[in-house]
Amino acid sequence: MEQSSTSALLQGAVLDLASDVVSALRSGDHVRAGSTLTTGGAGEGVARAAVRVLGADTLLPAALLRVPPDPGQLAVFKDAVTAHPPRPDAAPTVVWSHWAMARALRRLDQPPGPTVGEPGAEPGTGWLDEAGWQVLTHQLAVLAPLALPGEECAVTRLARRRPVDVARGFVRAVRRRDWQQAAGAGRWLTLLDGVPESLGLEAGLDFVRLMGGSDPRVALQLEAARLMPAGVLL
């Protein structure tokens, strides 16, 4: 029962945090982006875990809108990065998520500490190099926080080589009503050249918004996709 209660608290905190980020992306108000972390709505441990789940997208308003993050939010984010480095047997997506969070801190001139590694050091992409388009799309959706304008990394370069496969994955996710994966894939597609015009990406994203946009995790990806084409990171 205790484990179930903790899981429910974490899920609620993740949704609240994602809602904060969506609100900030729509309004440009950095205070909204950090309210869940700084108003005591979640316990310290739960708040830190929620940041780990949402990853670098916790600071997405700072990245896309150049809005300074709330100091309290930034402190929780930095603590989440430095206190929980990936284990040696961590899944590649976990390692990349941690790398993306560390990169977000460096972008704000907030070095995360020696446990994260040197700036510019990237994990590998071997597990994705020969992946089928279904697996590729699923993994890219998980790693959607890496999809940012003007940012380079090995995952971004890999995605650029396979726009048609990501487009196929987007269509598959929509047909399966997996709105979170569809929104994450759509976010990547807004950054990729060579996306088939027949896909109708803009209409597809509107459909995902209509069907799944009540989920703040879906809405976050859709807001990012809306803002990114004109966005340039510092």
Side-chain angles (χ1 to χ4, degrees), residues 10-38 41-42 46-67 69-70 73-74 76-77 80-81 93-94 96-98 100-101 103-104 107-108 137-149 151 155-156 159 166 169-170 173-174 177-191 201-202 204-231 233:
L10 175 57
Q11 182 177 11
V14 171
L15 294 176
D16 288 345
L17 182 56
S19 294
D20 289 347
V21 174
V22 170
S23 180
L25 290 175
R26 290 172 177 169
S27 70
D29 184 354
H30 76 279
V31 174
R32 296 188 186 189
S35 61
T36 292
L37 301 179
T38 58
V46 174
R48 194 165 56 212
V51 169
R52 297 292 299 171
V53 173
L54 206 61
D57 276 345
T58 304
L59 299 182
L60 192 59
L64 291 181
L65 303 178
R66 304 184 184 184
V67 177
D70 175 85
Q73 176 201 27
L74 185 60
V76 176
F77 186 91
V81 176
T93 51
V94 172
W96 270 103
S97 177
H98 189 262
M101 293 174 73
R103 181 175 70 175
R107 190 187 302 120
L108 296 170
T137 305
H138 171 73
Q139 298 289 279
L140 287 180
V142 172
L143 295 174
L146 291 168
L148 293 170
E151 289 279 30
V155 173
T156 302
V166 181
F170 173 79
V174 170
R177 305 178 73 86
D178 187 341
W179 308 122
Q180 197 168 344
Q181 184 175 138
R187 173 174 169 177
W188 278 103
L189 287 168
T190 62
L191 295 180
L201 179 60
E202 184 175 351
L205 290 174
D206 286 343
F207 182 72
V208 173
R209 187 184 303 274
L210 175 66
M211 301 300 294
S214 60
D215 184 332
R217 296 167 299 180
V218 174
L220 188 158
Q221 302 302 333
L222 294 172
E223 287 302 310
R226 178 181 65 85
L227 291 168
M228 284 197 304
L233 298 189

Working for side chain to side chain contact (heavy atoms under 4.5 Å, CB included), residues L54 and L220
CA-CA 10 Å; L54 206 61; L220 188 158; 4.1 Å; yes
Could you walk me through whether E151 and T156 pass side chain to side chain contact (heavy atoms under 4.5 Å, CB included), step by step?
CA-CA 8 Å; E151 289 279 30; T156 302; 5.8 Å; no
Could you please spell out the steps behind the side chain to side chain contact (heavy atoms under 4.5 Å, CB included) verdict for T190 and L205?
CA-CA 10 Å; T190 62; L205 290 174; 4.1 Å; yes
So V155 and Q139, side chain to side chain contact (heavy atoms under 4.5 Å, CB included) or not? Walk me through it.
CA-CA 10 Å; V155 173; Q139 298 289 279; over 6 Å; no
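Residues passing the salt bridge (charged side-chain N to carboxylate O under 4.0 Å, His left out) test with R209, sequence neighbours excluded: E223. Under the salt bridge (charged side-chain N to carboxylate O under 4.0 Å, His left out) criterion, D206 pairs with no residue, sequence neighbours left out. A search for ring-ring contact (aromatic ring centres under 6.0 Å, His included) contacts involving W179 returns F207, not counting sequence neighbours.
No side-chain donor from either of D70 and Q73 sits under 3.5 Å from a side-chain acceptor of the other.
Side-chain atoms of W188 come within 3.5 Å of backbone N or O of L140 as a donor-acceptor pair. Proximity of a side-chain donor or acceptor of S19 to a complementary backbone N or O of L15 within less than 3.5 Å is detected. Looking only at distances, a side-chain donor or acceptor of R187 sits under 3.5 Å from a matching main-chain atom of A147.
Under the 4.5 Å side-chain criterion, counting only non-hydrogen atoms from C-beta, L64 is in contact with P149.
In plain terms, the two heavy atoms of V166 and A185 that are nearest each other are CG1-O, 4.1 Å.
Separating the CD atom in Q221 from the CZ atom in R217 is a distance of 10.5 Å, to the nearest 0.5 Å.
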